[in-house]
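Throughout, protein chains are lettered first and strands after them, A, B, ... in sequence-line order, and every chain is numbered starting at 1.
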There are 2 protein chains.
Amino acid sequence: MNQEKNYRMTHQREMILEVVQKNHSHLTADEIYDRVRKKLPRISMGTVYRNLDILASCGFIKKLQPGYAQMRFDGNTRDHYHVVCMRCGKIGDAQIEPLDNTLENLENALGNLTSYGIFGHNLEFVGLCPNCMELEKDLPDDQQTNQLMMEVTEDGSQRKPN
Amino acid sequence: MNQEKNYRMTHQREMILEVVQKNHSHLTADEIYDRVRKKLPRISMGTVYRNLDILASCGFIKKLQPGYAQMRFDGNTRDHYHVVCMRCGKIGDAQIEPLDNTLENLENALGNLTSYGIFGHNLEFVGLCPNCMELEKDLPDDQQTNQLMMEVTEDGSQRKPN
DNA sequence: TAGGTTATTAGGAATGATTACTATTATAAA
DNA sequence: TTTATAATAGTAATCATTCCTAATAACCTA
Ligand SMILES: [Mn+2]
Ligand SMILES: [Mn+2]
Ligand SMILES: [Zn+2]
Ligand SMILES: [Zn+2]
């Protein structure tokens, strides 16, 4: 599986990888746990987390850690951005091409201005999933999404939803 | 303080705001708690969290919620990006101008492609603070930062640190 | 300036996702 | 096979954040 690390391929690890790869929906650890348990009823949560980390460190899957929402796992390891629902944490793929050039230039520029060593970046879009858009409608004003904005986008940027 | 919400200005709220505004170092809730406690020794953690949320929702401060690190608070409410240390979670300001045009265009483009309602975005740079750069040197290879990369940048982007 | 309404507090308990621990088991190499 | 040790199940621990509630303090109005 990975030469230098002496990893072994166990049934548990195999099933976890399969579940993540067959789901294009950015599952959480407990969703993965539920699905794997159908086949391996005695698997434990610790095993799920440990393997997700290992699989991610080997590059077989990607670990997504949005701010203000729990981590999720992506079987698609190609470079792409995500939209995070600010209410329920659900994650969708952003169907736009990566800004590699722009952002790499930014990283280089920043590297010369800061005392930090720059290794990469994260860009995520913030919004509402279709489901939460619906629910939004019958909420009192003071729980409306614009009240959430400040807490959810780092830059306070706002935009009319489509 | 805020007309529609009937907020009151208490000593606790005042002190918390003052601490956040006088510190340009993106403090965590417990760091703020420690500092406020010098003046108000009986203040409680719940009060700190509640007020930080309220102050952020009023736009007096900004709440930063990087993935994989605890939340921090910024007295500088102008639009700017941040560098997050992937080891200790410390946050520094990125001294580069915001990508407003580029990213607003992206948001608009994305809005037409996804079923999500897009409200904004978060961009953060990931790296090592000066302190952790030092510590890095005498670490065994398998704990070196490149091992952390996959877990920390959503896009797996890599770059030589300066 | 006092009284009344209610936002806010202190203190402590609860939450919940994630991580750590450990005796036992399964994997892969020889 | 035998053997070394990576990995597991089950469970306990962590720890940042949120929740709860009786008591208090801000602010409005008379
Ligand atoms: Mn994806
Ligand atoms: Mn800042
Ligand atoms: Zn949602
Ligand atoms: Zn650091």
Requested in this report: Mind running side-chain hydrogen bond (donor to acceptor under 3.5 Å, both in side chains) on B/Asp93 and B/His24 for me, showing each step along the way?
Outcome: CA-CA 9 Å; B/Asp93 287 324; B/His24 291 198; over 6 Å; no

Mind calculating the distance between [atom1] ([X]) and [atom2] ([N]) to the nearest angstrom?
| X | N | atom1 | atom2 | answer |
| --- | --- | --- | --- | --- |
| A/Glu31 | C/dA17 | CD | C1' | 13 Å |
| B/Arg37 | C/dG11 | CZ | P | 10 Å |
| A/Ile32 | C/dT18 | CD1 | P | 10 Å |
| B/Leu55 | C/dT8 | CG | C1' | 13 Å |
| A/Asn6 | C/dA30 | CG | P | 11 Å |
| A/Asn51 | D/dA7 | CG | C1' | 8 Å |
| B/Ile16 | C/dT8 | CD1 | P | 12 Å |

Query raised in the report: How does protein reach along nucleotides 16-30 of chain D, written 5' to 3' as B (base within reach of a heavy atom under 4.0 Å), S (only sugar-phosphate), or - (no contact)?
Result: SSB------BBS---

Requested in this report: Please work out whether the ring planes of A/His26 and A/His82 are parallel, tilted or perpendicular, with thresholds of 30° and 60°.
Outcome: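 The rings of A/His26 and A/His82 stand perpendicular, inter-plane angle above 60°.
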
Query raised in the report: Taking 4.0 angstrom as the limit, do B/Arg35 and B/Glu31 come out as a salt bridge?
Result: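 Salt bridge absent between B/Arg35 and B/Glu31.
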
Query - A/Tyr33: which of A/Thr28, A/Ile43, A/Ile16, A/Leu52 passes side-chain contact (heavy atoms from CB on, under 4.5 Å) - result: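 Considering A/Thr28, A/Ile43, A/Ile16, A/Leu52, a side-chain contact (heavy atoms from CB on, under 4.5 Å) with A/Tyr33 is found only for A/Ile43.
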
Requested in this report: Check the pair B/Asp30 / B/Gln70 against side-chain hydrogen bond (donor to acceptor under 3.5 Å, both in side chains), numbers first and verdict last.
Outcome: CA-CA 10 Å; B/Asp30 49 292; B/Gln70 84 196 94; 3.3 Å; yes

Query raised in the report: Please walk me through it: do B/His121 and A/Glu124 pass side-chain hydrogen bond (donor to acceptor under 3.5 Å, both in side chains)?
Result: CA-CA 6 Å; B/His121 67 268; A/Glu124 67 187 15; over 6 Å; no

